[in-house]
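Report on the following structure.
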Amino acid sequence: MNGIFISLEGPDGAGKTTVLEAVLPMLKKLSPEIVATREPGGVRVAEEIRQVILNPENTDIDAKTELLLFAAARRLHLQVKVLPALKAGKLVIADRFIDSSVAYQGFGRDLGLAPVEWLNEFATDGLKPDLTLYLDIDTDAALERIRKNRANDMDRLDMERAEMHHKVRQGYLEVVKSEPERFVTIDASQPLDAVIADTFAAITDRFFK
Ligand code: TYD
């Protein structure tokens, strides 16, 4: 596999998606062959699974079902989009990947690390990103941003109780600690320009020096 695989992680409200949109054109100047994608989704059937998972009407989806749906979407997305791009030598940037399941389902939903790690491994055949950028933000600040920015557009996971959001952040902090060589933590409470600059620098420092 000759390509480079980068994932972007962080709690809801960290600004991941906005940051990625800003960083992409900057990166395209350095590496024209970039594939930007997201989880759950990225390919048609996985986007359909995404609709099912995030639909606020689907109140009967329990934690285990949720984990399995994310794992199914992950497997499909990897097979159809990520692996072919990496084999073709491209730079792939994914908005969320395996660590989201650890933080949200493992910690947030209290399913524990073991089943999540096993399913991640099963879904990906053990593939991990070369670099994971973790956008860290205090839970209260993140919840405040969610309330301000998308009060009328909250998905099923945004609407979870504050307690779950706290656990998700704890989960992220634990994974980052357990694999320090894979992660770069970025302070997402800074003004957007600074978060964008730090994210770009983390990528260029590692791969474009
Ligand atoms: P995201 O696309 O970041 O949401 P938004 O577009 O609203 O910013 O992610 C969708 C939600 O799915 C988010 O709340 C995190 C959650 N998620 C999990 O719980 N587990 C997972 O494995 C993944 C990939 C996402």
Side-chain angles (χ1 to χ4, degrees), residues 5-23 36-43 45-56 58 61-78 81-82 92-113 115-124 127-129 132-137 139 142-172 174-175 186 188 192 195 199:
F5 185 21
I6 299 172
S7 62
L8 202 59
E9 293 281 356
D12 292 284
K16 239 173 1 65
T17 309
T18 314
V19 169
L20 185 57
E21 274 171 20
V23 167
T37 189
R38 68 166 180 185
E39 273 205 10
V43 294
V45 176
E47 289 290 337
E48 288 180 17
I49 298 175
R50 178 188 180 91
Q51 298 304 319
V52 170
I53 299 173
L54 297 181
N55 185 344
N58 290 343
I61 294 180
D62 76 343
K64 289 186 180 180
T65 308
E66 186 180 282
L67 172 63
L68 292 166
L69 287 168
F70 279 119
R74 177 159 305 131
R75 173 74 188 170
L76 186 74
H77 174 239
L78 195 77
K81 191 165 181 183
V82 176
V92 178
I93 304 192
D95 186 344
R96 299 194 181 281
F97 190 54
I98 44 175
D99 305 304
S100 285
S101 288
V102 173
Y104 284 80
Q105 282 67 53
F107 285 79
R109 300 284 196 215
D110 289 318
L111 288 176
L113 264 183
V116 178
E117 284 186 337
W118 188 87
L119 269 168
N120 273 341
E121 160 83 32
F122 184 71
T124 64
L127 180 80
K128 289 197 172 179
T132 299
L133 301 166
Y134 167 56
L135 268 56
D136 185 49
I137 184 163
T139 306
L143 288 172
E144 187 51 35
R145 281 192 190 170
I146 295 174
R147 264 192 292 270
K148 270 202 194 131
N149 297 341
R150 44 179 182 199
N152 301 320
D153 182 28
M154 307 253 284
D155 68 38
R156 197 172 58 83
L157 284 137
D158 290 332
M159 296 189 314
E160 285 299 332
R161 309 177 311 281
E163 189 200 344
M164 166 153 173
H165 290 274
H166 277 286
K167 289 187 198 166
V168 167
R169 178 163 187 242
Q170 276 324 111
Y172 272 125
E174 299 270 330
V175 231
I186 289 162
L192 185 60
V195 183
T199 305

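This one's a predicted model, so the numbers in the text were calculated from it and none came from an experiment. We count ligands from 1, going down the list as the structure has it; atoms in each ligand are counted the same way.
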State whether the side chain of Glu66 and the backbone N or O of Ile53 hold a donor-acceptor pair below 3.5 Å, judged by distance alone.
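No, because the side chain of Glu66 does not come within donor-acceptor range (under 3.5 Å) of the backbone of Ile53.
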Lys81 (side chain) donor-acceptor with Val43 (main chain) under 3.5 angstrom:
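Not confirmed, Lys81 side chain does not pair with Val43 backbone.
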Taking side chain to side chain contact (heavy atoms under 4.5 Å, CB included) as the definition, give me every residue that meets it alongside Arg50, ordered by chain and number, with sequence neighbours left out.
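Result, side chain to side chain contact (heavy atoms under 4.5 Å, CB included) vs Arg50: Arg38, Pro40, Glu47, Leu54.
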List the residues meeting side chain to side chain contact (heavy atoms under 4.5 Å, CB included) with Lys167, not counting sequence neighbours, and say none if there are none.
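With neighbours one apart ignored, the set is Asp110, Glu163.
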Taking side chain to side chain donor-acceptor pair (under 3.5 Å) as the definition, give me every residue that meets it alongside Asp95, ordered by chain and number, with sequence neighbours left out.
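Applying side chain to side chain donor-acceptor pair (under 3.5 Å) to Asp95 gives Lys16, Thr17.
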Under a strict 4.0 Å criterion on non-hydrogen atoms, which protein residues are in contact with ligand 1?
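Residues near ligand 1: Asp12, Lys16, Glu39, Pro40, Arg50, Leu54, Phe70, Arg74, Arg96, Ser100, Ser101, Tyr104, Gln105, Arg150, Asp155, Leu157.
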Hey, would you say the Phe70 and Tyr104 ring centroids sit under 6.0 Å apart?
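No, ring centres 6.0 Å or more apart.
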